[in-house]
Amino acid sequence: MDQRYDPQTIEPKWQQVWEKTRAFCADADASREKYYLLEMFPYPSGRIHIGHVRNYTIGDVVARYKRMCGYNVLHPMGWDAFGMPAENAAIANKTHPAQWTWDNIAAMRKQLKRLGLSYDWERELATCDPKYYKWEQWLFIRMYEKGMVYRKESLVNWCETCSTVLANEQVENGECWRCGRPVKQKKLWGWFFKITDYADDLLEYCEKLPGWPEKVLTMQKNWIGKSTGAEIRFPVSGKDEVINVFTTRPDTIYGATYMVLAPEHPLVRTLSRGTGQQEAVDAFVDRMAAESRTDRMLEAKEKEGVFLGAWCTNPVTGTQIPVYTANFALMGYGTGAVMSVPAHDQRDYEFAKKYGIDIIVVIKPEELSVEETAATQAYTGDGAMVNSGPFDGMHNRKAYEDLIAYFEKHGLGKRSISYRIRDWGISRQRYWGAPVPMIHCDTCGIVPVKDADLPVVLPENVDLLDGGGSPLASHQAFVNVTCPKCGAAARRETDTMDTFVESSWYFERYCSPHCDTAMFDKKEVAYWMPVDQYIGGVEHAVMHLLYSRYFTRVLKDMGLVDFKEPFTRLLTQGMVCKETQHCPEHGFLYPEEAGARGESVFCKKCGQPVEVGRVEKMSKSKKNIIDPNELVARYGADTVRLFCLFAAPPERDLEWSEQGVEGGFRFLNRIWRLASAWMVRFRQTRAFTDAPDDLDEKIRPLYIKTHQTIKKVTDDIEARFHFNTAISAVMELVNAMYQAETRGISPETADDTAAAVMRGAMETALLLLAPVVPHFTEELWAAIGYEPGSMANQSWPAWRTDALSADTRVIVVQVNGKLRAKFEINAEADDETLKARALEDENVTRFIADKPVKKVITVKHKLVNIVV
RNA sequence: GCCUGGGUGGCGGAACAGGUAGACGCAAGGGACUUAAAAUCCCUUGGGGCAUAGUCCCCGUACGAGUUCGAUUCUCGUCCCAGGCACCA
């Protein structure tokens, strides 16, 4: 074997071998237990960044580990290939989005392959491929037929200059993220998926996903936002109208002293018409409409409203209460109307104080008088009912139930549940997305495209508008069609789908990516799904993961799959961070633009001192980025992988450190040197695998350490994917091999048994590291004499229980819980022996002095605590 | 404001179930090898104390209490940091 570790020659060599032998291609095999490991597929931006490297390395280690454990592993990779950046780049570079995307895919595929990731590349897919989105369109039509999709007009963020809809996160301080112009609210027709139908089920199953991080489940629960309460009818005074409110606190209804309607509520204009307030109300409503959603949120702190000039009747008290419209009432939640109880809701309280509205306490806490209860702020806790007619004295929780029963009996209202989650608006007025497969006919209305005509292919010969609007609407050949029903001239739908639709089922497509008769082969999906382990960033905690859970339910209801939850276990890995460097003259600097001068850092352009900022997520704008390509070129893929895993546990943020990477590289070299030095001896022997009993004292500890390491590494990976401690353990094993050398076990002098134990330790280290540094271990595995290329399919090592523990133990002696002495003793020693031995210790007797010993606690194999 | 995490050496991070706090790595210092340097190998490294320099003592896991023979770990309170939600009736 080569004297020098040279990753640049060995890594491409093994990558070619794996590709040639189809080492990681998976086939369904009912006789074998499957393991589906998936990392969130990337958007093909053109280059992979270090966050990808971390994500995919974590996944690759698990995939390789499970393969070694004997599972039939599915580990696919593909491309989330639709989306706006392709359009923007295409306009900027005068290329076509498709060209740009496919070029990027090619470049990134090459980068991923250079990392030695064990993907089944034969299953690669790209969502912009008509063969892929054909089935999405097919499903859309099935969902439409079942009433799971509908079209409605709704308010959206609209940028006039770009003539497009913007997602909430593309609106920055009320301005368009791209052109900086103010964003308006506009009513627009669009397609919606009825995700709200599944709100309850999605929520309920949050409790049935033990393999998911608590954090993610909490975020999803909050997003769904289920509230239970009642819907109550408030008749409008002197008119035939009724205001319906949703409240979570029907028990406070006796304290409802006014009513608030959202500015968009249809009754706002109706009720104010003809009153003296009409003008003021119209002005207020118009002002609210002109303000963007973001503006309204920014100034949200100040509550503001207008009296409508109308009253309604509190159905339980019969009192006339004023009706207002106010900025804090939202049309999209509940019924868009609020029964305001200022004594028991802080927001209502503030509004009532501002506008001088009555505050009536109806729930009294034990420790306060009625007068004190809402003196300075609303009281939202429990207590006894007061000012509530027949309910006085009752506990409010009981009154809650009784009141709902009372409403239902008298037709005043009913029990009700409200959700924060809205239906999923999937329409985008964009070009680079999957076309919605619908046709608008003047006589037949909306008609789905015939299955035989799928896919509705995105036309390639389009003029992308510099403004960013959809070019499909003006593409005559695309728009003009005949109605599938009546044959008359009709117009094709020009909206494309949100890219989250593609990513909501790609994991099922991977099971049979080339299937051209269905979305996927049911049998294949039945074998592989659900995904056993999903890995990706927390940024997808709600949207992508919730949509995927929803889509899986839709597929189940259509009989296409027989499970509800697509991802059994989820790991959300932390971000990769690095400190920022800021030059007063040149702004943020890339790492290579700054130089070190002793303790301080200076700018290479102007020589001025650089301000080293805090450690933040790597981002282009802050220039605190590291290029994976350069790293791989300098250290090789294995070192980069090793560092990504060693620096922090996967779920935590990782702080990038160049020295840390060096350390990883040094560790591999350390193994390499040891292996070279012993290689001749290794080839003459076999790994020692017997019971440790007859090993002499010089070599025995290494054998014990070897088996302890197997157990430790296995436990660390199995329990929590803590690769950092697993790698530490292997480092300790390697250190132990070096220590054996310093104790006189050298390649030249070691006897055959010692060489065999040494070889066993080396083989173990290689096996345990195989998932982490696959090229490195493959090379050394072959050098020892095993079949070249066989490392990837080796079995994960097992530990011998009889080789796990030394036969002596170090026992800690405490006096009153403080460490006072240690001694080594035979592991079998009983409590009495331990106690006697502890009391012999000079330091211990010194601390006991003449105080009486009250109690002695002994813990087997661990400690003796003497209480005096 | 609410909900989740999290505060451990100069740094990244260990400590499985309440039982030796600081594994492993980085950085730093010392030594060996070398004509020299790099690389490598070995040793030291939380803070403080000492008439006895030790198998020594005191302090120490954000802060303050508590439970316990014993707390980084469990309970209560306080402060700080990160992420999520943010007028949701």
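Chain naming here is simple, since letters A, B, ... match the order of the sequence lines and numbering starts at 1 in each.
Under 4.0 angstrom from either OP1 or OP2 of U20(B) there lies no side-chain N or O belonging to R820(A). Contact between the side-chain N/O atoms of R666(A) and the OP1/OP2 oxygens of A39(B) is not found at any separation under 4.0 Å. Residue N843(A) places at least one side-chain N or O closer than 4.0 Å to OP1 or OP2 of C57(B). Remark: N735(A) is not in phosphate contact with A23(B), judged by side-chain N or O atoms under 4.0 Å from OP1 or OP2.
With no hydrogens or angles considered, a side-chain donor-acceptor pair links S746(A) and T749(A) at under 3.5 Å. When only modelled atom types and interatomic distance are considered, R549(A) and Q220(A) share a side-chain donor-acceptor pair under 3.5 Å. Defined by atom type and a distance below 3.5 Å, a donor-acceptor pair is present between the side-chain atoms of D423(A) and T196(A). A donor and an acceptor atom, one from each side chain of N314(A) and Y254(A), are nowhere located under 3.5 Å apart. In this model, no donor atom of one side chain and acceptor atom of the other lie less than 3.5 Å apart for R4(A) and N669(A).
Backbone-only contact: A647(A) has heavy atoms under 4.0 Å from sugar-phosphate atoms and none from a base. Counting any heavy atom pair closer than 4.0 Å across all strands shown, G336(A) reaches a base atom. Counting any heavy atom pair closer than 4.0 Å across all strands shown, T248(A) reaches sugar-phosphate atoms only and no base atom. Residue-level contact check: F351(A) touches neither bases nor backbone, having no heavy atom under 4.0 Å from any strand. Using a 4.0 Å heavy-atom criterion, one finds that K822(A) contacts the bases of the nucleic acid, with or without backbone contacts as well.
The aromatic rings of F246(A) and Y333(A) stand perpendicular to each other, their planes meeting at an angle above 60°, with 30° marking the opposite boundary. In this pair, Y5(A) and F665(A) present their aromatic rings tilted. The plane angle is within the 30 to 60° band. In this pair, F721(A) and F723(A) present their aromatic rings parallel. The plane angle is below 30°, not in the 30 to 60° band.
Between T335(A) and Y738(A), the residue whose closest nucleotide on RNA chain B is further toward the 5' end is Y738(A). Looking at which nucleotide of RNA chain B each of V810(A) and D345(A) is closest to, the 5′-most match is held by V810(A).
Across every strand in view, U4(B) sits in a pair with A82(B) that passes the Watson-Crick or G-U test at under 3.5 angstrom. With both pairing distances under 3.5 Å, A17(B) is matched to nothing as a Watson-Crick or G-U wobble pair. Shown here, G29(B) forms a base pair with C43(B); the pair counts as Watson-Crick or G-U wobble because both key distances fall under 3.5 Å. A71(B) makes up no base pair with any nucleotide shown, lacking Watson-Crick or G-U wobble contacts both under 3.5 Å. Taking a pair to require two hydrogen-bonding distances under 3.5 Å in either a Watson-Crick or a G-U wobble arrangement, C88(B) remains unpaired. Using the Watson-Crick or G-U wobble rule with both distances under 3.5 Å, C76(B) pairs with G64(B).
With hydrogens and angles ignored, a donor-acceptor pair under 3.5 angstrom links the side chain of R347(A) to the base of A89(B).
At a threshold of 4.0 Å, the pair D831(A)-K860(A) does not count as salt-bridged, since none of the basic side-chain nitrogens sits closer than that to a carboxylate oxygen. A salt bridge does not link R720(A) with D716(A): none of the charged nitrogens is closer than 4.0 Å to a carboxylate oxygen.
For the pair E655(A) CD and C26(B) P, the computed distance is 16 Å after rounding to whole Å.
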Nucleotides 64-74 of chain B: which of its N/O atoms have a protein N/O under 3.5 Å away?
from, atom 1, to, atom 2, distance (Å)
C69(B), O2, N865(A), ND2, 2.2

Nucleotide N/O to protein N/O under 3.5 Å, stretch nucleotides 14-17 of chain B:
from, atom 1, to, atom 2, distance (Å)
A14(B), OP1, N724(A), ND2, 3.3
A14(B), OP2, R652(A), NH2, 3.1

